[in-house]
Amino acid sequence: MSRALLLAVSVSLLTVAGCKKAPPPVQPPAEQAAPAATTSELSAEDKAAIHASIGSIDRLPGDTDEDSWRKPSEVLTFLEVKPGMEVVDYLSAGGYYTELLARIVGPDGQVIAYNNPEYLKFSGEKPAQRYGNDRLANVVQLTMPPEEAPFEPNTLDAALFVMSYHDLHWKAKDGSWPNTDPAQALAKLVPALKPGASVVVVDHVAAAGADPATSVDALHRIDPAIIKRDFEAAGLTFEADSKAFANAEDDHTKPVFDPAVRHKTDQVMYRFRKAL
């Protein structure tokens, strides 16, 4: 991340009180940036880094209680995250995955905890607890509308969307969410990905053919075909899907916050790749 981006972040960032940001590692010029890894096979050392991150006794209290339904090992392995990478946790909310990513990429890597103002507000005190007092020194918080996010070209090795992409399609009838444009959001993100970078999207499944303008507002669900269409239209290649979160008993008609399906909705997990 360049000094220009850091300046943009410092001007536009909605910081959490008392939370310091570590300077990001120097990036090579965009035209010289090394391609992200493209192999789907993680080394034993990479897998150990993921395992150690999840097993760390220093994780924020309460995070481990969510591991059973968040399945971080499956998600982070599917993302192919490794030490030294620069990763964005897109609409990271309270930062459950941001912390795990930060522990994996280590001091030579960096994680951007990206939120829009609405997501940051929704997260309450969690960001202050997670990042305060320079607790995760390799995390930079970035908070602004997705159409304005100043991701620097050719700098990101990976991007992660967990139960958040559908919100870019949300047209909230109650006015609680801005009318975001998913195409513009991806147009800001995709150029920031290095050649070979991976993008993983985990989201709640809506019925096939469902209009996201309806399914997102009513249920917070999205037809997986819309996800695939959007990311391919943005220039990424669909590479793989995982059934780690599949649930055939979910009939796709209930809001995701309904106690009958909360934390056990049928979810899709897709991986996309930026061409070399």
**Message:** Does any part of the side chain of Tyr131, heavy atoms only, come nearer than 4.5 Å to the side chain of Asn133, both counted from C-beta?
**Reply:** no
**Message:** Which residues pass the side-chain hydrogen bond (donor to acceptor under 3.5 Å, both in side chains) test with Asn247, not counting sequence neighbours?
**Reply:** none
**Message:** Please check this pair: side chain of Asn115 against backbone of Ser92, looking for a donor-acceptor N/O pair closer than 3.5 Å.
**Reply:** yes
**Item:** Heavy-atom donor-acceptor pair, Thr77 side chain to Ser73 backbone, under 3.5 Å
**Value:** yes
**Item:** Side-chain heavy atoms of Asp46 within contact of Pro83, under 4.5 Å
**Value:** yes
**Prompt:** Just by distance, with hydrogens left out, do Asp167 and Ser164 show a side-chain donor and acceptor under 3.5 Å apart?
**Reply:** no
**Asked** Would you find a donor on one side and an acceptor on the other, under 3.5 Å apart, between the side chain of Glu99 and the backbone of Leu60?
**Response** yes
**Request:** May I ask you to decide if Ala52's main-chain N or O and Ser56's side chain share a donor-acceptor pair within less than 3.5 Å?
**Result:** no
**Asked** Hey, does Tyr270 have a side-chain heavy atom less than 4.5 Å from the side chain of Phe78?
**Response** no
**Request:** List in chain and number order the residues that pass side chain to side chain contact (heavy atoms under 4.5 Å, CB included) with Ser176, two or more places apart in sequence or in another chain; answer none if no residue qualifies.
**Result:** Trp170, Ala172, Asp174
**Prompt:** Is the backbone of Val200 close enough, under 3.5 Å, to the side chain of Arg271 for a donor and an acceptor to pair up by distance?
**Reply:** no
**Request:** Answer with yes or no after comparing the ring centroid distance for Tyr165 and Phe231 against a 6.0 Å cut-off, counting only values under it.
**Result:** yes
**Message:** Once salt bridge (charged side-chain N to carboxylate O under 4.0 Å, His left out) is applied, do any residues pair with Asp63, and if so which ones, sequence neighbours excluded?
**Reply:** Arg130
**Asked** Does Arg262 reach the main-chain N or O of Phe257 with its side chain, forming a donor-acceptor pair under 3.5 Å?
**Response** no
**Request:** Taking Glu147 for its side chain and Asp181 for its backbone only, find out whether a donor-acceptor pair lies under 3.5 Å.
**Result:** yes
**Request:** Output yes when Arg59 and Asp67 qualify as a salt bridge under the 4.0 Å nitrogen-oxygen rule, no when they do not.
**Result:** yes
**Prompt:** Is there side-chain contact between Met144 and Leu142, with heavy atoms separated by less than 4.5 Å?
**Reply:** yes
**Asked** Counting only heavy atoms not in Lys171, do more than 12 sit closer than 6.0 Å to its NZ atom?
**Response** yes
**Asked** If you measure from CD1 on Ile50 to CG on Leu101, what distance do you get to the nearest 0.5 Å?
**Response** 9.5 Å
**Request:** Measure the shortest side-chain to side-chain distance between Lys188 and Pro146 over non-hydrogen atoms and say whether it is less than 4.5 angstrom.
**Result:** no
**Item:** Exam field: side chain Tyr90 to backbone Ile112, donor-acceptor pair closer than 3.5 Å
**Value:** no
**Prompt:** Does Lys71 use its side chain to pair, donor to acceptor, with the backbone of Ala244 at less than 3.5 Å?
**Reply:** yes
**Prompt:** Is His166 close to Phe161 at the side-chain level, that is, under 4.5 Å between some pair of heavy atoms?
**Reply:** no
**Message:** When you compare the side chain of Asp250 with that of Arg221, does any pair of heavy atoms fall below 4.5 Å?
**Reply:** yes
